[in-house]
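Owing to the predicted nature of the structure, the values given are computational and were not obtained by experimental measurement. Numbered from 1 within each chain, the chains take letters A, B, ... in sequence-line order.
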Amino acid sequence: MFSIDGKTFKNKENKSEGNMEFLKKIEEKWQKAWEKAKIFEADPNPKKQKFFVTFPYPYMNGPLHVGHAFTASRIDVYARFKRMQGYNVLFPWAWHWTGQPLMGASERVAKGDEEFIRILKEVDGVPENELKKFVDPIYMATYYTNESRTAVKKLGLSIDWRREFNTIMPTYQKFIKWQYENLKEKGYVIRGTHPVIWCPHCKSPTGDHDRQEGVGVTPEEYTLIKFKLDEETYLPAATFRPETIYGVTNIWINPDATYVKALINGEKWIISEKAAEKLKEQLRKVDIKRKFKGRELIGKTFENPVTKERMPILPGWFVDPEQATGVVYSVPAHAPYDWLALKDLQEKPEILQEFGLNPKILEKIKPISIIKVEGFGEYPAIEITRKMGVRDQHDPKAEEATKIIYKKEFHGGILKENCMEYAGKKVRDVKEQLIEDFKKRGIADSMYDLPQPVICRCLTPCIVKILEDQWFLKYSDPKWKEKVKEAIKKMRIYPETATQWFLTVVDWLKDWACARRTGLGTQVPWSKGWIIETLSDSTIYMAFYTINKHIKKYKIKPEMLTKEVFNYIFYGKGKINEISSKSGIEKHILEEMHNEFLYWYPVDLRVSAKELVPNHLTFFLFHHTALFPPKHWPKAIGVNGMLMIEGKQMHKSKGNFVTLKNAVETYGADATRCTLLLGAEGMDDSDWRSGNVRDMQNKLQTLYNFAKKIIEEKGENERGHLEKWLISILQRRIKEVTENLEKMKTRTALETALFEVWNDIRWYIRRKEKTTKTLKETLKMWLKLLTPFIPHICEELWSELKGEGFISIAEWPKINEKLIDLETEEKENIIKGLIEDTANIIKVMKKPPKKIFYYTAAEWKWKVYLKTLRRIKDGEINIKKIIEELARDNEIKEKIKDAAKLISKITRESSKISEKRKENILKIGKINEKEIIEDAKKFLEKKFHAEIEVYSEEDEKRYDPKLKAVQAMPCKPAIYIE
RNA sequence: GCGGGGGUUGCCGAGUCUGGUCAAAGGCGCAGGCUUCAGGAGCCUGUCCCGUAGGGGUUCGUGGGUUCAAAUCCCACCCCCCGCACCA
């Protein structure tokens with residue numbers, strides 16, 4: 001009896017550690033062997049087709065984690081798969097050091113940030129003596145890079161390390177300079193201004209991750225309507241709804257807030273004190289002339305610039321002087337707050353008297369309806385406050401009411417007759433045009449402000465600042481967008497559903513500020529004090545991999561890497577002799593580099609997690625289309641989900657951060673890879689559960705033992721039905737795995753290669769009860785299918801199988817269609833079906849069987865069966881017609897009544913048979929069922945612990961006390977159990 | 001709000017494009033048996049409900065619809081995840 005025991009590597013004290021040690025040993029062994037044999041070092045080979053895969057270099061302000069490993073494993077699987085298919089595969093690696101976080105992290109260490117240091121020690125596992133040196137960001141980056149390199153190697157990735165670099169190496173910086181000079185020349189980099197959230201203390205933009213409070217807040221642009229107070233003084237009221245200017249009745253000023261009269265770019269404005277401060281940061285010259293309380297303004301009048309009417313200024317305490325200009329105009333018909341404030345004043349006339357005003361002025365103020373919107377009448381603001389029962393301007397429900405009205409009127413509102421040239425238009429359609437028009441007419445301006453407070457990590461409240469002299473990548477350029485879309489259409493994207501996302505991102509992308517003031521990185525070549533921002537210096541660096549090998553090998557100095565040199569290498573531009581003598585790089589080296597670039601480019605596949613779709617991956621496409629001809633545009637992008645830890649998002653601070661190093665050391669490379677890959681494919685998020693990894697470890701150990709057992713058995717030289725079956729099934733598996741891998745469906749591919757094939761082999765062994773040469777051959781194929789996923793164990797088993805060379809570079813199994821044997825498979829299906837039916841009956845009998853009798857269908861039933869199936873397949877189920885045809889056969893004519901019954905039964909049950917199988921059965925024709933059941937008799941007897949007898953339904957001598965034999969159908973023998 | 005992806009049997013997760021083969025792959029978990037000195041190991045069997053004969057019943061976010069037939073197609077609704085910019 002063939003059985004597989006799991007005792008080969010047991011360890012008395014602790015079994016799982018015993019496994020681990022063994023697996024680790026073979027992992028180390030093979031990693032060393034690969035390195036020594038340099039099998040992953042790829043050089044141009046004109047005889048072989050190339051394949052260039054890349055992973056977005058990871059940022060080195062911390063250790064790599066299992067999330068990186070997830071994406072990297074997918075790439076590695078693909079790289080290994082392609083390599084086995086005979087491609088010359090290049091999989092390089094590098095490290096991202098550019099940007100602020102590395103500096104920031106280093107600063108926090110220098111400042112002695114306890115929480116931060118605790119995380120470095122506990123999560124990242126940084127030893128005390130190293131930690132001290134982290135005050136130098138470069139040291140920190142070096143430390144993490146070294147740690148990560150070790151971890152990556154331990155994961156067994158098939159990388160060509162000769163091309164490694166980090167992004168602050170002077171040679172790389174020369175490359176980036178070349179890139180940006182080029183982009184600028186082509187007009188893709190432009191100068192501009194941009195509002196950012198700014199910390200006045202740190203003197204730098206405050207990104208989301210730099211914030212103590214206000215994560216996700218972005219600057220909002222208010223339109224300022226410049227109401228005239230007198231001939232030369234303006235009262236700029238801030239609004240998001242400038243279209244409501246036609247419905248203004250008054251202005252609100254907070255009587256208790258401080259306002260100023262100031263010269264703003266030479267114009268006299270009255271705004272809140274805060275607003276004046278803010279405008280200073282928004283490219284305005286601000287000269288404050290006088291400060292005063294808002295109450296001074298109450299009762300004065302102003303002129304509406306579109307209607308030229310004069311209206312009063314009234315007191316409104318809901319006006320927040322911190323928001324925008326602190327001046328608000330009132331549209332009581334459409335703004336709940338305005339209506340409520342007005343009502344408050346009406347109800348308490350004494351308030352106005354306090355300001356020395358006659359309450360009668362309120363009588364003149366009538367709401368002006370200007371927007372028609374479904375579901376509301378003339379005055380939506382009034383209606384909704386009544387409906388919602390909003391008490392006054394201090395009621396929190398006022399906020400909600402405002403939101404509802406705003407949304408309703410924006411999406412469905414139509415401007416009424418009194419809106420002059422905008423009458424009859426939809427609010428949403430006209431808004432932008434209207435703002436532009438008003439600005440042109442000089443009656444509107446704008447300013448930025450924050451909808452909610454943002455506090456920097458240094459605890460300083462942030463403001464909106466407009467940066468001057470910023471450099472932008474002109475992603476808004478429609479022509480550029482078109483080119484990128486063209487690239488997307490030409491390339492393959494895995495999964496396909498991500499394509500739409502890319503296309504919308506391209507449309508949505510605006511100009512991107514590509515330079516920063518602080519952080520590590522490359523100087524903007526034409527502007528001192530600016531550094532190319534991280535997402536902008538990582539777009540075409542894959543080209544740098546192709547030549548960094550030479551830069552290192554020939555010790556090429558950064559100053560030798562001139563613009564002309566890069567132009568020659570990447571574009572073939574210029575006269576090589578001249579470039580060589582000018583740069584000092586020998587001619588043959590220049591040629592070599594040029595050729596190496598031409599050999600490897602374009603990138604054949606780049607894979608990352610989906611979070612990079614709206615930024616890095618799309619930038620990668622933008623820059624390639626800008627700088628390279630279409631033949632060098634990327635060929636494919638793979639996108640995968642994010643990695644969750646025990647069902648939750650991974651966070652250092654949440655204590656569920658799993659470093660790559662830790663995972664590999666605890667569970668081993670193969671188990672780590674498989675667990676990650678089995679977790680998800682497509683854009684689904686994968687979930688890392690320690691329970692799963694442990695199971696996987698066991699599974700792989702079992703796999704090893706299972707295979708080892710097969711290798712050790714001598715193996716009979718037989719080639720019968722079961723061998724044909726195994727080989728046939730294997731062809732299908734090869735096909736499935738190959739096809740899924742091609743589509744980056746790594747999960748399905750692994751699932752099939754590992755579990756489905758395993759089950760097939762188990763079935764074979766169970767049926768066969770001994771090992772054979774065929775089984776050993778199958779094992780070889782199986783190991784090859786598994787190698788991309790489980791390279792170390794496969795390599796070990798391969799060597800034990802005395803396989804030639806490394807399995808990592810062995811030939812990928814090819815499907816041999818001729819070995820797919822439908823009849824054999826169908827026969828085995830009959831056995832499987834028979835077992836299922838038998839087991840079902842036994843289950844219902846509720847007692848163990850003693851004897852089982854099978855009756856195979858009579859000859860004439862087969863004729864009826866095949867004929868009927870044919871007709872069903874062809875789509876004409878006319879029973880009468882079938883009977884007529886069959887009646888020509890004398891044998892059937894005798895049993896025409898039974899035949900008719902059979903036909904209707906077949907018709908009924910045929911829906912349970914797949915089209916594919918119907919086709920197969922028709923192709924095969926009559927199967928000798930008796931023979932195959934007899935063949936499987938021993939196996940079946942053992943399975944059911946019962947004696948078995950097989951008869952044909954027509955057998956005169958059959959034992960059939962319950963007359964079950966008549967039930968026999970082709971492919972479904974009748975059963976009787978005692 | 002906008003955009004992208006999803007909701008399947010105890011769990012993870014196929015199946016949905018191309019309707020019938022779907023009570024629905026595979027894995028995990030759980031239960032029973034075997035093996036073992038022992039085992040969080042391995043092997044076998046079972047795992048929606050009912051059934052002393054291979055059968056029947058109820059399921060695939062919710063509610064409708066199309067069809068001889070729907071997890072799969074159409075419509076409406078509910079829920080979850082991700083991204084939204086100067087930041088890697």
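By the side chain to side chain donor-acceptor pair (under 3.5 Å) test, A:Y667 is found to be paired with no residue, residues two or more places apart in sequence or in another chain being considered. A:E221 pairs by the salt bridge (charged side-chain N to carboxylate O under 4.0 Å, His left out) definition with A:K439, not counting sequence neighbours.
Remark on RNA chain B: of its neighbouring residues A:T748 and A:L678, the 5'-side contact belongs to A:T748, judged by nearest-heavy-atom nucleotide. Between A:D511 and A:N759, the residue whose closest nucleotide on RNA chain B is further toward the 5' end is A:N759.
Per the geometry, OH belonging to A:Y541 stands 15 Å off P belonging to B:A88, to the nearest Å. Between A:I906 atom CD1 and B:G20 atom P there is a gap of 23 Å when expressed in whole angstrom units. Atoms CG (A:L703) and P (B:G27) sit 14 Å apart, rounded to a whole Å. As rounded to whole Å, 7 Å separates atom P of B:G6 from atom CE of A:M683. Here B:C12 presents its P atom at 19 Å from CZ of A:R694, a figure rounded to the nearest Å. Rounded to an integer number of Å, the gap from CD of A:Q697 to P of B:A41 is 13 Å. Computed from coordinates, the A:L700 CG to B:G42 P distance equals 12 Å when rounded to whole Å. Atom CZ of A:F944 is separated from atom P of B:C44 by 15 Å (rounded to the nearest Å).
Residue A:R766 is in sugar-phosphate contact alone, with no base atom involved, counting any heavy-atom pair closer than 4.0 Å across all strands shown. Within 4.0 Å of A:T206, counting heavy atoms only, lie sugar-phosphate atoms of the nucleic acid but no base atom. Note on A:K648: nothing from the nucleic acid sits closer than 4.0 angstrom, heavy atoms only. Residue contacts shown for A:R762 are limited to sugar-phosphate atoms, with no base heavy atom under 4.0 Å away. Heavy atoms of A:N692 sit nowhere under 4.0 angstrom from any nucleic acid atom.
In this structure, CZ in A:F706 is found 15.0 Å from NZ in A:K708, a value given to the nearest 0.5 Å.
Summarising the base pairing, B:U9 is matched to no nucleotide, lacking a Watson-Crick or G-U wobble pair whose two defining distances lie under 3.5 Å. Figure legend. B:U47 is base-paired to B:G29; pairs are counted as Watson-Crick or G-U wobble with both atom distances under 3.5 Å. B:C84: Watson-Crick or G-U partner is B:G1, with both key distances under 3.5 Å. The nucleotide B:U59 finds no pairing partner, because no Watson-Crick or G-U wobble arrangement with both distances shorter than 3.5 Å includes it. Remark: B:A69 base-pairs with no nucleotide in the shown strands. Criterion, Watson-Crick or G-U wobble with two distances under 3.5 Å. In this structure, B:U36 makes no Watson-Crick or G-U wobble pair, since no nucleotide meets both defining distances under 3.5 angstrom.
Dashed line: the shortest gap from a side-chain N or O of A:K942 to OP1 or OP2 of B:C44 is not under 4.0 Å.
With distances taken from any side-chain atom of A:T497 to the nucleotides B:A88, B:G15, B:G5, the minimum falls on B:G5. For A:R747, the side-chain atoms get nearest to B:G13 when compared with the rest of B:C44, B:G13, B:A25.
Checked against the 6.0 Å centroid threshold, A:Y180 and A:W471 do not count as a close aromatic pair.
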B/S/- contact track for nucleotides 50-61 of chain B, protein heavy atom under 4.0 Å: -BSBB-------

Show each protein N/O and nucleotides 82-84 of chain B N/O combination with a separation under 3.5 Å, one pair to a line.
| unit_1 | atom_1 | unit_2 | atom_2 | d |
| --- | --- | --- | --- | --- |
| B:C82 | OP1 | A:Q649 | NE2 | 2.9 |

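Using modelled atom types, one finds no donor on one side chain facing an acceptor on the other under 3.5 Å when comparing A:N740 with A:E736. Side-chain contact check for A:E828 and A:W763: at least one donor-acceptor pair (N or O, by modelled atom type) lies under 3.5 Å.
Applying the 6.0 Å contact sphere to NZ of A:K735 captures no more than 12 heavy atoms from other residues, nucleotides or ligands.
Sorted by first and then second residue, the side chain to side chain donor-acceptor pair (under 3.5 Å) pairs involving residues 94-104 of chain A (not counting sequence neighbours) are A:W95-A:E164, A:H96-A:D537, A:W97-A:T145, A:T98-A:T167, A:T98-A:D537, A:Q100-A:T518. Residue pairs meeting the side chain to side chain donor-acceptor pair (under 3.5 Å) criterion with at least one partner in residues 638-650 of chain A, sequence neighbours excluded, are A:T71-A:N640, A:R74-A:N640, A:E646-A:S690. Each salt bridge (charged side-chain N to carboxylate O under 4.0 Å, His left out) pair with one or both residues in residues 681-693 of chain A, not counting sequence neighbours, appears once here: A:K610-A:D685, A:D687-A:R689.
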Report, one line per pair, each donor and acceptor closer than 3.5 Å where one atom sits in a side chain of residues 829-845 of chain A; sequence neighbours left out.
| unit_1 | atom_1 | unit_2 | atom_2 | d |
| --- | --- | --- | --- | --- |
| A:D837 | OD2 | A:K972 | NZ | 2.9 |
| A:T838 | OG1 | A:L834 | O | 2.5 |
| A:T838 | OG1 | A:Y854 | OH | 2.8 |

Would you be so kind as to tabulate the donor-acceptor pairs closer than 3.5 Å made by side chains of residues 495-506 of chain A, with sequence neighbours excluded?
| unit_1 | atom_1 | unit_2 | atom_2 | d |
| --- | --- | --- | --- | --- |
| A:T499 | OG1 | A:E496 | O | 2.7 |
| A:T504 | OG1 | A:Q500 | O | 3.2 |
| A:T504 | OG1 | A:W501 | O | 2.8 |

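Going from the P atom of B:G1 to that of B:C49 covers 42 Å, rounded to whole Å. A distance of about 26 Å separates the P atoms of B:G5 and B:C11, rounded to the whole Å. As rounded to the nearest Å, B:U62 and B:C78 have C1' atoms that lie 7 Å from one another. Nucleotides B:C37 and B:C48 are separated by 41 Å at their C1' atoms, to the nearest Å. Distance noted for atom P between B:U16 and B:G6: 12 Å (whole Å). For the P atoms, the distance linking B:A70 with B:G26 amounts to 25 Å, nearest Å. Nucleotides B:A24 and B:C74 are separated by 26 Å at their P atoms, to the nearest Å. Comparing the C1' positions of B:G55 and B:G63 gives an interatomic distance of 33 Å, to the nearest angstrom.
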